[in-house]
Structures are given as structure tokens and as C-alpha cells.
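What follows is one structure encoded as C-alpha cells, with my remarks underneath.
Keep in mind the model is a prediction, meaning the values are calculated, not measured.
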Amino acid sequence: MATSSQSSIEPGSNEVKDYICNACEDQNYVETSADFYCKQCERFYCGNCIHLHGKLFAKHKYIGRVDIDKWPVSKKVVDFLQTCDVHKDHKIDQFCNLHKQLCCPQCVSDQHSQCREVTQISELTNSQPSGLKGLSVELETVLGEIKTLQISQEASIQSLQGTYKKHGALMMEQMRGNLNTYIDKCGNNSVGTSGGNEQYLKEEMCRNVVSILNEFDITAKELNEMKDEVISIKGSVTSSIHKCTSLHNDLSQFHEIVQKIGDNKELCLIASIKCKHIIQQALTLLGKSGKVFNVQSNAKHNVRIPSDSGVCWITDICVLTDGQVLVADWENKRFKLLNQQYQVVSHCDVTEYVRDMCQITRSEVAVALDKNASNTHNVQFITVTQSQLTLGRKLELQHECTSIACHQGELFICSGTALFKYTLYGKQLCRLYEDKSSDDTVEKCAVSPTGDRLYIISYWKNKLHTLARDGTLLATYTDPALSWPHGLHVTPAGQVLVCGDWSHTVLQVGWEGESKLATLATQKDGMRYPWSVCYSSSSSSIIVGQQGDNILVFRVE
């Protein structure tokens, strides 16, 4: 196969650009995209240069871009595929079957010297078909999904900023109205005042001024908290957008490459393996990882503290960015902060039952609080700073608050029979789903990493429902091994974890919400009435909360 054609690579980047004109390159002209390939010369020409070439070599046959699939692979493409991603001065020539990794000699020496299944690429070309045609189709599909995700994320930032501005303006308008009311009240009270009423009027005005100042302080504090939330969420979404852009470029590059490789079996195999790796990264970003967890070991940790009045009931678990773990203790009406060794380092008490939690920013968590006896239903925001818990603003709801999830500034809240969508500042946007056929039909919710799927648990009906972004029912999963489902969690890669209270199980369900992928834990592993489950990326562990003082930690691969 001819590989004499040339293309260019962006400095400091792995991006392989389009073919360039060899004639312009020889003359040190500005790089010009090639439009023709001469088979006899094995060179590429732009529109201007092919005209001169045709005069000099009238009998030479050249191929235009209409038949670009007949052009040979460029030397730059060959070098790009064969170069080791880790050791840039080495070429890939082996494959480790144990780790499913392409290797250069340095990789084998550094990391795979003890691996038994390291094979030369040349020996694999017949046993492992590349399947580039199928990959090309898959690449096109994933490219479209990544672009859609990026557009959605950019829209989320605009929506979040707009919501913050509207809410901030509303808060200022309310404070202005209260201020005018106080002023009018003072003015009315001063009319006809004389003698002994003057002292009372002064005291009343002082109280009003203090009240106004306190209200101003509270409003300013809430606005600052909201501004910090917007900045943090915007930073997180922007980072995700950059990942989308980078992956989109990589996917586009490989989509072009697989069209041009031809019949070089070794290049096809290397391209196939590299391409599958990029696709897997994209699927993880899209929240469609099909990776099944494999439990390696488990441990038990006691989270009871001396001041607990009753046995702990851990209704939810939230792993923070720094690896600390926040647990909701329903029975003792408190949440507890655990360090990375799962020791309680701080706790905070509330007057309602702690039902559920979700992380809003790196240091802020929203907690679902509910107490039917007093008809109290709140979302309490708490801040975690230097291992200390601080209560922040609170949203009051007009319905039960059994579960809460967040995605890019939008809150999803369960009422027991319905799923609502709220803004981060408490405005109800819509009712997404409702089932009033019995109690606890919409008991708990979770959201996919991209926000395009919502998962809800029907406790009494033993069901896991998967909804579209607009609340449309997509799938329903039932299983005898999932009796009275209670705990629900979606990992950053989109893996769905759900636990059965009465079946004493933790299952992994496919992201489509249609089938079980694995049973991760049972009563044999010490599981007793699991109420909550969460995955920790920092420790590669699945943490399970129960009706009891102990949490279980399962190390997974």
C-alpha cells in the first residue's frame, strides 16, 4: 500500500489534518488542502498545482475528492496510529489480552512484563477481525449523541443563569416592597403622635430598622450563596462541555481514518482497538457505560455515635468530591459526615426526618426533609467546609418530600405519588410523572449523568421505572430479587444501582432500565434491609446503608 502522501498535525495536538498539496509544501507555500491524487507520482495536488501538473504529465491519471476512498493512507495517519499514546518515541507492536491494551516495547517492560497474554500485533490480525465497517456506523451514532449532549449542556448554562437573574430580581423586588411597607407604617404611626407616644414610636421605628437590616443581610447572604452555586455548576458543566469537544474531535478524526485505511490488516486492528477505546470513553460521558461491577471484597463500618437516641436507619448516602461520605440517619433525625476511613467526624441535627440527599456543588448538598405529623416538607441546603456541616437556605414545599436529585441546576423531587421538577430556588416547573394508584408509587428518584433519563422506585409495587427527560415512561423493571426496592443510585458513568429492602439485595441494572446485569450483594454478604446505595469513584467502592448501625462497603472493579 502506498503511504507517501502527506498531511499535517496541529502543533501540540494529536489531530491529523486533511491531505495537503505536496507541490505547495515543496515550495514552502502556505499549506493548501489537496484536491487531487496522482497515482503515478503518488503525490497530492491542489486545484492550481494539478493544472500545471496536467500540462507536464498529460498521460498521468489522478483521482479527485469524489473518490477519496481510493486515496492511499497518508504517512502521518500511519505514524499517528502506530505511535504509542504513552511513549511517543515508540511504536505499537503488541497487545496485552489481560488488560486489553495496545503496547509498545517500553509499555511491556514497564507494566506488562508479568502478563502472560502479550501477543505481537502481526499474530492477531487473522484471529481478531477489525470490524471497521461496524465501527464506522457506531462512530457516526456516538458523534451525533456527543454533539446533542454538548448543545444540551450549553442550553443548561443559559437556563441556569437566566433563572438566577429572575430569582435575584424577584428577591430584590420583595425586599423593596417590604421596605416601602415599613416606611409607610412609620409614616402613618407618626401622624398625631404627641407626649408619651413619642418614645414608643422611636422604639417601634428602631425595631423596624433592625428588621429591615436583618432582612437585607439575609437576602444578600442568599443571593451570594446562589451566585456561588451558579458559578460552581457553570464551571462543572463547562468542564463537561470541554470533554465533549475533545471527544468529538477524537471521534471525528477516527471516523475519517477508518474510511482511508484500506486493507492493511495491522493498521486496521490498531485503529479498531484505539477506536473502541475512544467510543467507550464517549459512552461513559454519555452515561451509557455497560461495564458491570465485579465485587472484590467487603467491609463493615459502624456509624453510630454516643448521642444517637435510637438504632441508625441510613436512608441515603452521598459521596462528596473529596471522598468524604455524608449519610442520612432517618431514625435519629440527623446527617453524619464520615471521613475516608468511614469514621464519623461531624454531624448536624434537624427536627424532621432526613429522607434523601443530592450533591449540588463540590461543597453543597440538598437534603430532603419530611415530617407528615407536622405537615412539614422542606429542602434544606447544607455546606460542608473543612469537615464541618453548616445549615444554609431552606425551601418549603407544599407536598411530601421523599426524595431529591439534581442535574445542572434543576431539582427533581418525589412526593410519594408524583415526581416534580423545580428550579434550584424553589419554583415548581412541572409535574413530570404521577401514579396515585397506591401509596409510595414514586418513592425515590435518580437522574442519569446527562439528564436525559430519570429513574424512580415504586416501593409497594416492586418496580423500577425509567422515564425520559419529559417524564414519558420508557421502561419498567421488576424482579423477584428486588422485593420492596428502596435504595437507588446512578454512577457518573450511568450504571444503575438499586437495592431491595425485603430481599436483602443490591442489583446492577442496565442504563436502559430493562434488565439486570448483576447481583452485587445478598444476605450472605451480611446485607440486612438495605435502604440506600451509592458508588464512590475515589475508592472504587459501593457503599450500602441499612436499617442498623453498620454500613457495608464493597470494593469493586
Side-chain angles (χ1 to χ4, degrees), residues 1-22 24-25 30-39 42-47 49-50 62-85 88 91-92 102 121 125 129-151 242-286:
M1 171 185 287
T3 59
S4 60
S5 57
Q6 298 293 312
S7 66
S8 64
I9 298 182
E10 188 82 11
S13 155
N14 285 331
E15 182 184 357
V16 180
K17 282 189 172 182
D18 199 4
Y19 296 86
I20 63 171
C21 176
N22 297 142
C24 290
E25 186 181 35
V30 176
E31 286 185 1
T32 307
S33 180
D35 297 311
F36 301 92
Y37 170 68
C38 177
K39 297 179 67 174
E42 293 189 341
R43 286 168 63 81
F44 292 84
Y45 298 94
C46 63
C49 293
I50 196 67
Y62 46 82
I63 306 170
R65 281 188 173 269
V66 175
D67 298 310
I68 197 171
D69 57 323
K70 297 179 182 179
W71 291 15
V73 182
S74 73
K75 183 177 183 301
K76 294 292 185 180
V77 169
V78 174
D79 291 343
F80 169 75
L81 289 175
Q82 292 182 336
T83 298
C84 176
D85 292 336
K88 301 298 183 182
K91 292 190 178 298
I92 293 167
L102 293 165
I121 293 292
T125 52
S130 64
L132 288 183
K133 186 175 181 180
L135 276 178
S136 180
V137 175
E138 190 172 1
L139 278 167
E140 287 184 11
T141 301
V142 176
L143 270 167
E145 292 180 349
I146 286 288
K147 189 63 180 177
T148 299
L149 173 60
Q150 184 174 342
I151 293 171
H242 289 161
K243 291 178 183 177
C244 284
T245 303
S246 177
L247 272 174
H248 192 275
N249 291 340
D250 289 343
L251 290 165
S252 298
Q253 177 177 314
F254 272 97
H255 187 257
E256 291 182 9
I257 286 174
V258 297
Q259 313 296 322
K260 302 175 182 177
I261 294 178
D263 57 359
N264 186 313
K265 291 185 177 181
E266 288 191 23
L267 284 181
C268 286
L269 182 58
I270 292 173
S272 174
I273 294 170
K274 284 191 172 185
C275 197
K276 288 176 181 177
H277 179 67
I278 296 294
I279 288 175
Q280 189 55 51
Q281 289 182 18
L283 291 176
T284 297
L285 185 64
L286 290 166

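Not counting sequence neighbours, the partners of Lys91 by the salt bridge (charged side-chain N to carboxylate O under 4.0 Å, His left out) test are Asp79. For Lys274, the salt bridge (charged side-chain N to carboxylate O under 4.0 Å, His left out) criterion is met by Asp85, not counting sequence neighbours. When the side chain to side chain donor-acceptor pair (under 3.5 Å) test is applied to Gln82, no partner is found at least two apart in sequence or on another chain. With sequence neighbours excluded, the residues that form a side-chain contact (heavy atoms from CB on, under 4.5 Å) with Ile63 are Tyr37, Lys39, Asp67, Lys70, Trp71. Residues satisfying the side chain to side chain donor-acceptor pair (under 3.5 Å) test with Glu140, not counting sequence neighbours, are His255. A search for salt bridge (charged side-chain N to carboxylate O under 4.0 Å, His left out) contacts involving Glu145 returns Lys288, not counting sequence neighbours. In terms of the side chain to side chain donor-acceptor pair (under 3.5 Å) criterion, residue partners of His277 (sequence neighbours excluded) are, by chain and number, Gln281. When the side-chain contact (heavy atoms from CB on, under 4.5 Å) test is applied to Ser252, the partners found at least two apart in sequence or on another chain are Leu143, His248. Remark: Thr245 engages Gln150 in a side chain to side chain donor-acceptor pair (under 3.5 Å) (not counting sequence neighbours).
You'll find the side chain of Leu267 stays beyond 4.5 Å of the side chain of Val77, heavy atoms only. In this structure the side chain of Thr83 never reaches within 4.5 angstrom of the side chain of Ile92, judged on heavy atoms. At least one side-chain heavy atom of Leu285 sits under 4.5 Å from a side-chain heavy atom of Cys244. Between Asp35 and Ile50 the shortest side-chain heavy-atom distance does not fall below 4.5 Å. Contact annotation: the side chain of Cys49 approaches that of Cys24 to within less than 4.5 Å [non-hydrogen atoms, C-beta and beyond]. Between Thr32 and Ile20, the closest side-chain pair of non-hydrogen atoms is not below 4.5 Å. Using a 4.5 Å heavy-atom cutoff, the side chains of Phe254 and Ile279 are not in contact.
To the nearest 0.5 Å, the span separating NZ on Lys147 from CG on Leu251 amounts to 12.5 Å. Note: Asp250 CG to Ile146 CD1 = 10.5 Å, rounded to the nearest 0.5 Å. Considering SG of Cys21 and CZ of Arg43, their distance stands at 8.0 Å, rounded to 0.5 Å.
Closest of all the heavy-atom pairs between Leu135 and Cys275 is CD1-CB, 4.1 Å. Of all non-hydrogen atoms in Leu247 and Ala282, the two that sit nearest each other are CD1-CA, 3.8 Å.
A donor-acceptor contact shorter than 3.5 Å links the side chain of Arg65 to the backbone of Ala34. When atom types are taken as modelled, the side chain of Ser246 and the backbone of His242 share no donor-acceptor pair closer than 3.5 angstrom. Under a 3.5 Å cut-off, the side chain of Asn22 and the backbone N or O of Phe44 do form a donor-acceptor pair.
Aromatic rings of Tyr45 and Phe36 (six-membered ring for Trp) have centroids beyond the 6.0 Å cut-off, not under it.
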